[in-house]
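Just so it is clear: chains get the letters A, B, ... in the order the sequence lines come, proteins before strands, and each one is counted from 1.
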Amino acid sequence: MSGDKQSLAAPRGMRDFYPDEMALQCRITDTWRASAERYGFQRYDACVVESLDLLKRKAGEEIVEQIYAFKDKSDRDLALRPEMTPTLARMVAARQGSLDLPLKWFAIAQCFRYERTTRGRKREHYQLNLDIIGEPAVTAETEVIAAAVDALLQLGLSLTDFRVRISSRALLGDILAASGIPIEHHAATFLALDKRGKLPDEKIAELLTEAGVASEAQGGVFDVLGLTDLDQVRDLLKGRASAALAELEACCTGLTAYGLGDAIVFDISVIRGLAYYTGIVFEAFDTEGKLRAIFGGGRYDNLLASVGGRPQTGVGLGFGDVVVAELLAERGLTGSDEARGRITVGFMTIDQQPIARRMAATLRSQGEQVDLALHPEKPRAFFARADKRRFAKAAYIGPDDVTQGTVRIKNMVTREEEPLPV
RNA sequence: GUGAGCGUAGCUCAGUUGGUUAGAGCACCUGGUUGUGGUCCAGGAAGUCGCGGGUUCGAGUCCCGUCGCCCGCCCCA
């Protein structure tokens, strides 16, 4: 590539959507919207620029390094939103007194993050956000997960293409407590466990030691990661009461009732970083494990309070467009037929242009999507273009048609022509 | 921040131990075909080989630098 061409490329990590690519993008976002609405969520939207202070309150000072932050001309500290959740929390907190809880909202939001790009990770993406605020029961988790899975299925994937791994931070806390880890070490232990598979176990042991976990208790921590089903968890808890366990079971039961049981697996290693989650957490992955998480989320109890609202529980989910598009491509599900459904009208010489235009106007008034030729074309060129652009129908008007008073509308698939008086 | 790979036509790429005017497929344009598109035939246009420097009689090829893309790691959604 020459230097000039490079300047024509979108900035690093950003995407342009040419019409061919936009078709898939629309299919994804249309499906998101349909699934969210089918599950009774109401759409909202918000400003793309958010106050930096709000983002810091939720994620800490370090986040400034990872986002597009800037000052406006009045020296206000602002940022392109890296995610939707702080904005949602702000909007809810701002009208907390008048909103009817529990609320079920969704947004399809473009979010920005300033960081290294890799497969499935750009500096900009669109994300479906599903949130239920003010409902303590696990029905909230169930509905949110079921709606997201519905979108995956509507996109053409099957229950064997992905797995939703589900766990609970509260349950993990109970398990650690039963394993003799004092509660003040739980947060650091979560962080250490989240590194499992990314760092060698010796490194994790070091982190645990730094966190104050006694070395004799560390074996218990690693045993926790060996848990693969809820029966083992029950054994480990030895009859201790665990509301978190009951909730996790109830969530799985609800999803099974929706017919999604086969796609749900318990996975104690799902932690989701140091985010604001307090209860159930979940992440969906492709079954082969080749890609990053397709969607993820969980319950947050402290979010609203952290932005200055009154404490209120919530469940949220984020579902990005990039990874699911990769997965659809892997499965050969990126095709779209929607181009077939339009009509193109062409004419041989400028003399037929008025009639062609009148015909286009008539068809448009009937609700058809009509492309009118911008200049005269030879029949061969016209039909070649109609075919290449995948029009469903094509009408070509020449002097003979005008003389005879009929125009033929050709079905481009069957090649049959249908006369129509002009 | 870090490591690898790749930059040759609009796209995907080939290009031998350095050797004349740098190739292919697809796409594009024109014609065969002044009333009909997926095939066919003929022809055509299109590349300062990412950029800069160096070695050499000679560099797409080797060396150094630089920019870009991309994959992984760190981190994270």
Side-chain angles (χ1 to χ4, degrees), chain A residues 1-15 18 20 55 58-60 62-67 80-86 109-129 191 194-195 197-200 203 271-277 281-284 290-298 316-324 326 340 344 346-349 352 376-404 407-417:
Chain A
M1 294 246 212
S2 74
D4 282 344
K5 285 176 189 167
Q6 278 165 17
S7 70
L8 295 178
R12 179 197 285 266
M14 303 291 167
R15 295 172 293 173
Y18 286 79
D20 286 349
L55 302 174
K58 193 216 131 193
E62 325 77 63
I63 194 158
V64 178
E65 304 305 316
Q66 298 174 320
I67 62 182
L80 298 181
R81 63 184 175 205
E83 56 172 323
M84 203 58 182
T85 310
Q110 190 177 22
C111 299
F112 300 83
R113 201 106 180 177
Y114 190 85
E115 61 182 8
R116 219 43 172 176
T117 58
T118 63
R119 186 178 188 194
R121 182 68 61 95
K122 313 283 184 195
R123 285 181 170 181
E124 149 276 321
H125 73 159
Y126 288 85
Q127 192 181 57
L128 168 67
N129 285 260
L191 279 183
D194 202 27
K195 306 276 192 249
K198 295 174 181 172
L199 292 177
K203 282 281 183 192
I271 309 260
R272 290 191 64 69
L274 59 151
Y276 37 82
Y277 297 108
V281 286
F282 52 85
E283 287 179 334
K290 293 168 74 173
L291 305 171
R292 291 172 177 279
I294 302 165
F295 65 75
L317 173 153
F319 182 161
D321 62 326
V322 180
V323 174
V324 77
E326 297 257 10
R340 290 268 186 210
T344 182
F347 48 93
M348 188 178 290
T349 73
Q352 293 89 47
E377 286 165 294
K378 292 180 182 179
R380 179 177 151 92
F382 169 74
F383 284 102
R385 182 173 63 82
D387 179 56
K388 193 167 55 187
R389 302 275 174 85
R390 300 187 62 74
F391 282 96
K393 293 177 180 175
Y396 185 71
I397 306 172
D400 297 350
D401 301 295
V402 177
T403 308
Q404 292 162 20
V407 172
R408 289 160 289 156
I409 298 185
K410 181 171 184 174
N411 181 315
M412 293 299 289
V413 178
T414 65
R415 300 190 174 217
E416 287 166 0
E417 292 185 327

Handout entry: CA sep, side-chain torsions, deciding dist, call: A:Met348, A:Ile397, side-chain contact (heavy atoms from CB on, under 4.5 Å)
Key = CA-CA 6 Å; A:Met348 188 178 290; A:Ile397 306 172; over 6 Å; no
ring-ring contact (aromatic ring centres under 6.0 Å, His included) partners of [X], counting only residues at least two apart:
X        : answer
A:Phe282 : none
A:Phe347 : none
A:Tyr114 : A:Tyr68

Exercise for the section: Could you provide the dot-bracket string of RNA chain B, using ( ) for intrastrand pairs, [ ] for crossing pairs and | for bases paired to another strand, with Watson-Crick or G-U pairs below 3.5 Å? Expected result: (((.(((..((((.....[...)))).(((((.......))))).....(((((..]....)))))))).)))....
For a quick check, tell me whether the side chain of [X] and the base of [N] share a donor-acceptor pair closer than 3.5 Å.
X        : N     : result
A:Arg389 : B:G37 : no
A:Arg12  : B:G68 : no
A:Arg380 : B:U33 : yes
A:Lys378 : B:U33 : no
A:Arg415 : B:G38 : yes
A:Glu115 : B:A77 : yes

Practice task
Scan A:Arg121, A:Arg15, A:Lys122 and name whichever one has a salt bridge (Lys or Arg N to Asp or Glu O under 4.0 Å) with A:Asp321.
Solution key: A:Arg15
Taking the side chain of [X] as heavy atoms from C-beta outward, which of [options] is closest to it?
X        : options             : value
A:Arg113 : B:G37, B:C76, B:U36 : B:C76
A:Arg292 : B:G35, B:A77, B:C76 : B:C76
A:Asp401 : B:G72, B:G35, B:C40 : B:G35
A:Arg119 : B:G72, B:U36, B:A77 : B:G72
A:Ala384 : B:U34, B:C69, B:G37 : B:G37
A:Met348 : B:A77, B:G35, B:C76 : B:G35
A:Thr118 : B:A77, B:U33, B:G72 : B:G72

Under 4.0 angstrom, heavy atoms only, what part of the nucleic acid is [X] near: base, sugar-phosphate, or nothing?
X        : answer
A:Gly398 : base
A:Pro82  : nothing
A:Lys388 : sugar-phosphate
A:Arg116 : base
A:Arg408 : base

Mind checking the [atom1] distance from [N] to [M]? Whole angstroms is fine.
N     : M     : atom1 : value
B:G50 : B:C67 : C1'   : 8 Å
B:U8  : B:A59 : C1'   : 14 Å
B:U12 : B:G47 : C1'   : 15 Å
B:C76 : B:U17 : C1'   : 49 Å
B:C70 : B:G7  : P     : 15 Å
B:A14 : B:G60 : C1'   : 12 Å
B:U55 : B:A46 : P     : 34 Å
B:C62 : B:G5  : P     : 13 Å

Completion exercise
Residue pair A:Pro11/A:Gln127 against RNA chain B: nearer the 5' end by closest nucleotide is A:Pro11
Handout entry: Whichever of A:Cys111 and A:Glu326 has its nearest RNA chain B nucleotide further upstream toward 5'
Key = A:Glu326
Completion exercise
d(A:Glu417 CD, A:Tyr396 OH) to nearest 0.5 Å is 12.5 Å
Problem - side-chain hydrogen bond (donor to acceptor under 3.5 Å, both in side chains) partners of A:Arg116, counting only residues at least two apart - result: none
Taking atom [atom2] of [N] as reference, at what distance in whole Å does atom [atom1] of [X] sit?
X        : N     : atom1 : atom2 : value
A:Lys410 : B:G35 : NZ    : C1'   : 11 Å
A:Asp387 : B:U39 : CG    : C1'   : 12 Å
A:Arg121 : B:C70 : CZ    : P     : 15 Å
A:Leu128 : B:A77 : CG    : C1'   : 14 Å
A:Phe282 : B:A77 : CZ    : P     : 14 Å
A:Glu416 : B:G37 : CD    : P     : 17 Å
A:Met14  : B:C69 : CE    : P     : 12 Å
A:Gln352 : B:G35 : CD    : P     : 12 Å

For [Y], does its backbone N or O pair with a side-chain atom of [X] as donor and acceptor, under 3.5 Å?
X        : Y        : answer
A:Asn129 : A:Gln127 : yes
A:Arg123 : A:Glu115 : yes
A:Gln404 : A:Asp401 : no

Among residues at least two apart in sequence or on other chains, which ones pass salt bridge (Lys or Arg N to Asp or Glu O under 4.0 Å) with [X]?
X        : result
A:Arg380 : none
A:Arg119 : A:Glu326, A:Glu330
A:Arg385 : A:Asp371, A:Glu377

Please produce a list of atom pairs where a protein N or O lies less than 3.5 Å from an N or O of nucleotides 42-45 of chain B.
none

